[in-house]
2 protein chains.
Amino acid sequence: MLRITRQADYGIVLLTLFARSNGRVFSARELASASHVPLPMVGKILKLLVQAEILGSHRGMHGGYTLARRPDEITVGHIIEALDGPVAITDCTGHLPSECGIEQTCPVSHAWQRINDAIVGALDRVTLAEMTCPVGDPLTAFTGHRAQVQP
Amino acid sequence: MLRITRQADYGIVLLTLFARSNGRVFSARELASASHVPLPMVGKILKLLVQAEILGSHRGMHGGYTLARRPDEITVGHIIEALDGPVAITDCTGHLPSECGIEQTCPVSHAWQRINDAIVGALDRVTLAEMTCPVGDPLTAFTGHRAQVQP
DNA sequence: CAGAATAGGACCAACTTGGTCCGATATTGA
DNA sequence: TCAATATCGGACCAAGTTGGTCCTATTCTG
Ligand code: FES
Ligand code: FES
């Protein structure tokens with residue numbers, strides 16, 4: 001396994017919609033129909049992204065959500081942390097107190113910490129901008145998608 | 001989240017016992033009492049490790065398990081894959097067919113693949129030998145543990 | 001003031017995981 | 001040969017987490 005939750009997966013997809021049409025305001029309804037993510041789920045995700053200050057929100061008629069920062073200033077690691085909580089590959093790599101079943105007997109917690117750092121590093125080194133338009137891979141795969149988002 | 005299962009966590013701990021007393025034969029019972037991992041769980045884990053050809057086994061009286069390779073030839077990535085299945089950070093990074101909820105609309109599957117590769121790389125770059133004795137960290141934490149394993 | 005949108009909850013169902021148990025099989029030693 | 005001891009293989013259950021829904025309050029526009 002070792003997979004992120006579907007929430008984070010969806011979250012990245014939604015954010016790419018923002019990143020690809022920079023500065024636009026999206027309503028939750030728009031995002032849902034554009035991304036094929038169920039509407040209540042979209043609301044839940046956007047809520048968390050606002051709390052993490054990745055998105056800004058504006059209520060009322062013609063309200064909606066908008067990116068709070070530039071896409072190249074938002075890292076994938078930050079997004080995952082906002083939606084799934086802090087990345088901790090084992091119980092003991094999280095911030096203490098360690099709740100690992102075999103408390104102090106464990107000889108490898110230190111090594112886990114290093115591996116965890118490596119993964120967090122890999123996640124923080126990729127920005128939303130890079131997710132949106134990967135180098136070496138043309139936009140062919142996106143065309144159908146774009147047509148829905150930017151009418 | 002983004003954490004490995006407890007099975008894999010336990011698995012690493014058990015394997016360090018093997019690695020630290022190279023070549024010894026351990027019975028499941030021994031490992032359980034030494035590591036404080038519940039016995040039935042130990043059996044389940046060792047079973048998987050044998051199937052992955054990380055451990056060898058020998059039945060009958062005075063039987064037990066033994067390392068099938070040198071500790072520096074066993075990677076953490078391999079262990080995790082044996083116990084938790086292949087590392088696939090999202091549904092679509094796994095070997096097709098992609099079962100992601102938003103099938104073809106997804107513009108980021110390619111980028112996920114790169115992130116997934118980075119994580120797999122980080123996991124494969126660490127060997128069991130390194131987990132057993134991390135550089136820069138003396139064995140002080142292990143003493144109590146070793147006393148139980150090597151009487 | 002009425003309508004439209006977010007904000008913030010509680011809430012439930014389905015799946016995965018952690019954990020247990022039992023019987024079958026193989027090896028050793030008396 | 002027989003009994004003891006160990007792995008091997010599977011089914012099995014309970015608890016926790018996740019994916020997903022819903023309802024109400026709040027805030028802004030017109
Ligand atoms: S304290 Fe958790 S793996 Fe060790
Ligand atoms: S196909 Fe799964 S994140 Fe896209």
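Small disclaimer: the values here were computed from a predicted structure and weren't measured. Each chain gets a letter, A, B and so on, in the order its sequence line appears, and its residues count up from 1. Below, each value reflects all heavy atoms present in this structure, side chains not excepted, and no hydrogens, waters or symmetry copies.
As rounded to whole Å, 15 Å separates atom P of C/dG19 from atom CG of B/Leu48. One interatomic measurement links the two molecules: CG of B/Asp84 to P of C/dT16, which rounds to 14 Å at whole-angstrom precision. Taking atom CD of residue A/Gln51 and atom C1' of nucleotide C/dG9, one finds them 12 Å apart after rounding to whole Å. Separating the CZ atom of B/Arg3 from the P atom of D/dT17 is a distance of 9 Å, rounded to the nearest angstrom. The NE2-P distance, from A/His58 to D/dG30, rounds to 9 Å in whole Å. Atom OH of A/Tyr65 and atom P of C/dA5 are 12 Å apart (whole Å). One interatomic measurement links the two molecules: CD1 of B/Ile45 to P of D/dC8, which rounds to 14 Å at whole-angstrom precision. The distance from atom CG of A/Leu83 to atom P of D/dG19 is 11 Å, rounded to the nearest whole Å.
Side-chain heavy atoms closer than 4.5 Å link hydrophobic residues (I, L, V, M, F, W, Y) into clusters, and following such links, possibly through other members, connects B/Leu14 to B/Val50.
For B/Arg29, the CZ atom sits in a loose shell: 12 or fewer heavy atoms of surrounding residues, nucleotides or ligands are nearer than 6.0 Å. Around CD of A/Glu53, the count of heavy atoms belonging to other residues, nucleotides or ligands within 6.0 Å does not exceed 12.
Here CD1 of A/Ile74 is found 5.5 Å from CG of A/Leu128. Values are rounded to the nearest 0.5 Å.
Side-chain contact between A/Thr75 and A/Val126 is absent, with no heavy-atom pair separated by less than 4.5 Å.
Residue contacts shown for A/Pro40 include a base, since a base heavy atom lies under 4.0 Å away.
Each of B/His62 and A/Gly60 was matched to the nucleotide of DNA chain D holding its nearest heavy atom; the match closer to the 5' end belongs to B/His62. If you find the closest nucleotide of DNA chain D to A/Arg59 and to A/Met41, the one lying nearer the 5' end belongs to A/Met41.
Applying the 4.0 Å criterion to OP1 and OP2 of C/dT6, one finds that A/Arg29 has every side-chain N and O outside that range. The side chain of A/Ser57 places an N or O atom within less than 4.0 Å of a non-bridging phosphate oxygen (OP1 or OP2) of C/dA7. Within the 4.0 Å cut-off from OP1 or OP2 of D/dG20, at least one side-chain nitrogen or oxygen of A/Tyr10 is found.
Checked against D/dG19, C/dT20, D/dT7, the side chain of A/Lys44 finds its nearest nucleotide in D/dG19. When distances are taken from the side chain of A/Thr5 to each of D/dT18, C/dT27, C/dA4, the shortest belongs to D/dT18.
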